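We number each residue from 1, following the sequence as shown. Since the structure is predicted, the reported quantities are computational estimates derived from the model, not experimental observations. First listed ligand is number 1; within each ligand, the first listed atom is number 1.
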Amino acid sequence: MSITADPSMSIQPDPLKLDAWRSLPAAQQPNWPDPAVLREVAQTLAGMPPLVVASEVDALTARLGQVARGEAFLLQGGDCAETFATSSQADIAGKVRILLQMSVVLTYGASMPVVKLGRMAGQYAKPRSTDLDAFGLPSYRGDMVNELHGDVAARTPDPHRIMRAYSTAASTLNLLRAYAGGGLAALEKVHAWNTAFARNTETGNRYEQLAAEIDRAVRFMRACGVHDAALDGVELFASHEALILEYERALTRVENDGNGARAYDLSGHFVWVGERTRQMDGAHLDFVSRIANPIGVKLGPTTTPEFAAELVERLDPDGVPGRLTLISRMSNSKVRDALPPIIEKVQSTGHLVVWQCDPMHGNTEETADGVKTRHLDRIIDEVDGFFDVHAGLGTHPGGLHVELTGDDVTECIGGTADLTAADLGRRYETACDPRLNIEQSLELAFRVAERLVADRRHRELLSGDE
Ligand SMILES: O=C[C@H](O)[C@H](O)COP(=O)(O)O
Ligand SMILES: C=C(OP(=O)(O)O)C(=O)O
Ligand SMILES: [Mn+2]
């Protein structure tokens, strides 16, 4: 579905052209039945407090600048589709715990600072391959738009859901901030992040050993009188796909500092444009080109090097390292051929971007029963291919973008527990794409930490540092 939105919906004078997208083709927008209701909701939302503030957004750009320069690693993860029903304390805590576990594996294992970015507090809208689902109902497009369960009425887009998305994002962020600022995220809790379920697995045991070492180190530092905020909490940022442009626009605020007026999309710290909405002349790229947030763009296997170079010039005109993250999602079979010419062409522009690997979306497959799944072997192979390509070109494999949950779900197959298609029925709970469970997520984190260490060692040997 591709529609051009109503240009009369511009809310205010618009010197930064934040409404220019309205006259461009916008892919994947819902067919809202009543534009007047949508307008009303957008106006209400525009008068509400933003969910994050500009200084936090700028802090994330600075951190991502470190990633772009090869000094840090970006870990981004969370649900494919957050739902209102699965935004409870337990759901949020579960995702925070697994992100903390993965980041500690990476920080400790690879001695590299990790920028932590949840696919959380806004990931309520989904692009779909088809307008109708397998039952002939209008496709589920995320809780911000329509309802997963039910009939045609439930699947009819309802603009009021946008307000519910805003309030669910607010309560999710509230808890995220509380967890990040202390309590759950303090390094003393490194053992507590491991759930009972994962503790009894091979990967969970491996984590326990690492946690024991960290625990000892933290106790040693405390005994030496070290009281550093970095031990007591973490910086945790929030991100989602900027899909429903009415929502993103309504939460965009213009800030005036010494450097003039800048627009920030304060629905989250980082937003990205998906594979299905990255048309060069389309509404989504126009909108994100006008905001000051760090932004991402997904790049699938049809991406040409020329497109990537044009994208970089367009979205990072001022050459700010960390402004742009290019998220490759090529599939394990294509990454080794498709990615190198893209990186080389982008390098030739002189811009410094974050290179991030999404090993999930190119590797979705269907079982004989028509269930969407992903095999951990293919996921790990795409990550390996991504690292191989960067090692070959001398560029920094900057980050990982994954769909995961803090639960013991059975949605992806493979891993040390050797889940098969026959296990999928046991706990298949996703609203959209299959997510890694805790053990599979940890296994992937250990693999990435090993690659970071091995590749650094290799570079040091080549440069004769040791
Ligand atoms: O992340 C989401 C999916 O990859 C995307 O929405 C497409 O899913 P579909 O092919 O089931 O529509
Ligand atoms: C839809 C998604 O990805 P992509 O745009 O890469 O298909 C997603 O990240 O959930
Ligand atoms: Mn997905």
Please state which part of Cys432 comes within less than 4.0 Å of ligand 1, counting heavy atoms only: side chain, backbone, both or neither. side chain

Looking only at heavy atoms, is any part of Lys126 under 4.0 Å from ligand 1, and if so is it the side chain, the backbone, or both, or is it neither? side chain

Can you sort out which atoms of ligand 1 are near [X], meaning under 4.0 Å from one of its heavy atoms?
{"X": "Cys80", "result": "1 (O), 2 (C)"}
{"X": "Lys372", "result": "8 (O), 9 (P), 11 (O)"}
{"X": "His361", "result": "1 (O), 4 (O)"}
{"X": "Pro127", "result": "5 (C), 6 (O), 7 (C)"}

Starting from [atom], what is the nearest protein heavy atom, named by residue and atom, and what distance separates them?
{"atom": "atom 7 (C) of ligand 1", "answer": "Arg276 NH2, 3.3 Å"}
{"atom": "atom 3 (C) of ligand 1", "answer": "Asp433 OD2, 3.1 Å"}
{"atom": "atom 10 (O) of ligand 2", "answer": "Lys126 NZ, 2.7 Å"}
{"atom": "atom 5 (O) of ligand 2", "answer": "Glu275 N, 2.8 Å"}
{"atom": "atom 2 (C) of ligand 2", "answer": "His361 NE2, 3.3 Å"}

With the Mn ion (ligand 3) at the centre, find the angle made by NE2 from His361 and SG from Cys80, to 10°. 170°

Taking the cut-offs as 6.0 angstrom to the six-membered ring centre and 45 degrees off its axis, would you call Arg278 and Phe307 a cation-pi pair? yes

Geometric cation-pi criterion Arg155 and Tyr140, 6.0 Å radius, 45° cone: no

Can you find an N or O of [X] that's nearer than 3.5 Å to an N or O of ligand 2?
{"X": "Glu241", "value": "no"}
{"X": "Gln123", "value": "no"}
{"X": "Asp433", "value": "no"}

Nearest heavy atom to atom 9 (P) of ligand 1: which of Pro434, Ser129, Ser139 does it belong to? Ser129

Does the shortest distance from the Mn ion (ligand 3) to an N/O/S atom of Cys432 fall below 2.8 Å? no

What atoms of ligand 2 come within less than 4.0 Å of a heavy atom belonging to Glu403? 8 (C), 9 (O), 10 (O)

